[in-house]
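A short write-up of the structure that comes next.
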There are 2 protein chains.
Amino acid sequence: MRETEAKLVGELKGRGYRLTPQRELLLSVLEGSRKHLNAETLLERVHKVYPRANKSVVYRNLELLADLGLVSCVDFGHGRVEYEVHRHPHHHHLTCRHCGRMLEVRSGAFAQLQQQLHQDYGFNADMDHLAIFGLCQACSEKADPRHEHHPHALQGMGF
Amino acid sequence: MRETEAKLVGELKGRGYRLTPQRELLLSVLEGSRKHLNAETLLERVHKVYPRANKSVVYRNLELLADLGLVSCVDFGHGRVEYEVHRHPHHHHLTCRHCGRMLEVRSGAFAQLQQQLHQDYGFNADMDHLAIFGLCQACSEKADPRHEHHPHALQGMGF
DNA sequence: CCTCCTATTGCAACTGGTTGCATTTGTATC
DNA sequence: GATACAAATGCAACCAGTTGCAATAGGAGG
Ligand SMILES: [Mn+2]
Ligand SMILES: [Mn+2]
Ligand SMILES: [Zn+2]
Ligand SMILES: [Zn+2]
């Protein structure tokens, strides 16, 4: 039994959750990918093994797996949310709103902020797997971005 | 002429953007509210003055106003994105994923992170008006949150 | 291995938000 | 103020994701 699957069974057990083939399969599909995957792609891959699976069960189980801390999700503003297995130590993404380039950031840089929010407000911030938007080095240097408007560079809620 | 409206005209001028009644009205509706408003509410209020306005023009102009830096938007995971006029200095929101309580945070606490991302990656992070999820003080103290699952505490992409 | 209970599923209807396109309307120029 | 041209609008179709509900199926207990 794979490590994450043992974790899955462990997390489900004793809370009234059941181990269903859809759940196991969904997690194993995510495990088998090194990239983020969206719900549609996930369903396609689940379908190869379990053709009767339905999109609503994909969404519902992604939410459950995320609540259990086994899966991370993120919205890069590309029109669909993306998912991946939760890795340790966790990471965040810096996304250039001009050229789309993405940098991965280890969570260390965020510890300071997290600590400060806890100190100042008693707030226990999650901050797993965030998407931070901005301009990458190359695009910052190129031109003064204040005088350009890129209406369709990035759609969705990410602006 | 109101201050933000002057700003609107200024931002539009010379970039080929036009000043339309819908744009002006949308901004003035946002100006007239002290709370975040969602697109549906905005359209309702716009309709009172300009009944033929359409939802797509609301969304398109909200995107434009956000690009121009006049409007902030945020997704609290309540099923609809919320908007407000951009205020200085800007702020962020701490949202408790257990009880829903919200704290407003001045942007100061984020300057350090912003600086570090710039130092380490040359990345120029936006970080206007973020929604940070986590547990508020009261909810953190109450019980060990690792052993509870709240499936419907917060829907959407915010988990 | 049967029974029961309820969590989970599949499905279809729905919601918030986006998009393509034909029509309208700002605005620059005369 | 009329003309011309592209930007913006209204509309209807569309898309990703959610929800209510009746049917299915884990799994605990016997
Ligand atoms: Mn990632
Ligand atoms: Mn706000
Ligand atoms: Zn870039
Ligand atoms: Zn709370």
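Lettering of chains follows the sequences in order, A, B, ..., and the numbering in each one begins at 1.
Counting to the nearest Å, the C1' atom of D:dA8 and the CG atom of B:Leu19 are 12 Å from each other. In this structure, CD of B:Glu63 is placed 12 Å from P of D:dA8, rounded to the nearest angstrom. Atom-to-atom, NZ of B:Lys13 to P of C:dG26 comes out at 15 Å; the value is rounded to the nearest Å. Summarising the geometry, the separation between CG on B:Leu25 and C1' on D:dG10 is reported as 16 Å, rounded to the nearest angstrom. In this structure, the CG atom of B:Leu12 is 14 Å from the P atom of D:dA7, given to the nearest Å. The distance from atom CG of B:Asn54 to atom C1' of C:dT18 is 12 Å, rounded to the nearest whole Å. Remark: P of D:dT18 and CG of A:Asp75 are 11 Å apart, rounded to the nearest angstrom. Spacing between atom CG of A:Leu65 and atom P of C:dT8 amounts to 11 Å, rounded to whole angstrom units.
Contact annotation: B:Tyr59 does not reach the phosphate of C:dT18 (side-chain N/O to OP1 or OP2, under 4.0 Å). Regarding contacts with the backbone of C:dT25, every side-chain N or O of B:Gln22 stays at 4.0 angstrom or more from both OP1 and OP2. Phosphate proximity of C:dT8 to A:Arg23: present, with a side-chain N or O under 4.0 Å from OP1 or OP2. A sub-4.0 Å separation between OP1 or OP2 of D:dT9 and a side-chain N or O of B:Asn61 is present. Checking the phosphate oxygens (OP1, OP2) of C:dG20, no side-chain nitrogen or oxygen of B:Arg60 falls inside 4.0 Å.
Atom CD of B:Glu44 sits in a crowded spot, with more than 12 heavy atoms from other residues, nucleotides or ligands closer than 6.0 Å.
Shown are A:Leu42, A:Leu25, A:Leu70; of these, the side-chain contact (heavy atoms from CB on, under 4.5 Å) with A:Leu30 is made only by A:Leu42. A ring-ring contact (aromatic ring centres under 6.0 Å, His included) with B:His129 is found for exactly one of B:His92, B:His93, B:His90, B:His86, namely B:His93.
The closest donor-acceptor contact from the side chain of A:Asn54 to the backbone of A:Ser56 lies under 3.5 Å.
Between A:Arg52 and A:Ala39, it is A:Ala39 whose nearest contact on DNA chain D lies nearer the 5' terminus. Remark on DNA chain C: of its neighbouring residues B:Thr20 and B:Asn38, the 5'-side contact belongs to B:Asn38, judged by nearest-heavy-atom nucleotide.
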**OP:** Give the C-alpha distance, both sets of side-chain angles, the deciding distance and a yes or no for side-chain contact (heavy atoms from CB on, under 4.5 Å) between B:His118 and A:Ser140.
**Re:** CA-CA 11 Å; B:His118 189 260; A:Ser140 301; over 6 Å; no
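At a cut-off of 3.5 angstrom, the base of C:dA7 holds at least one donor-acceptor pair with the side chain of A:Arg18. At a cut-off of 3.5 angstrom, the base of C:dG17 holds at least one donor-acceptor pair with the side chain of B:Lys55.
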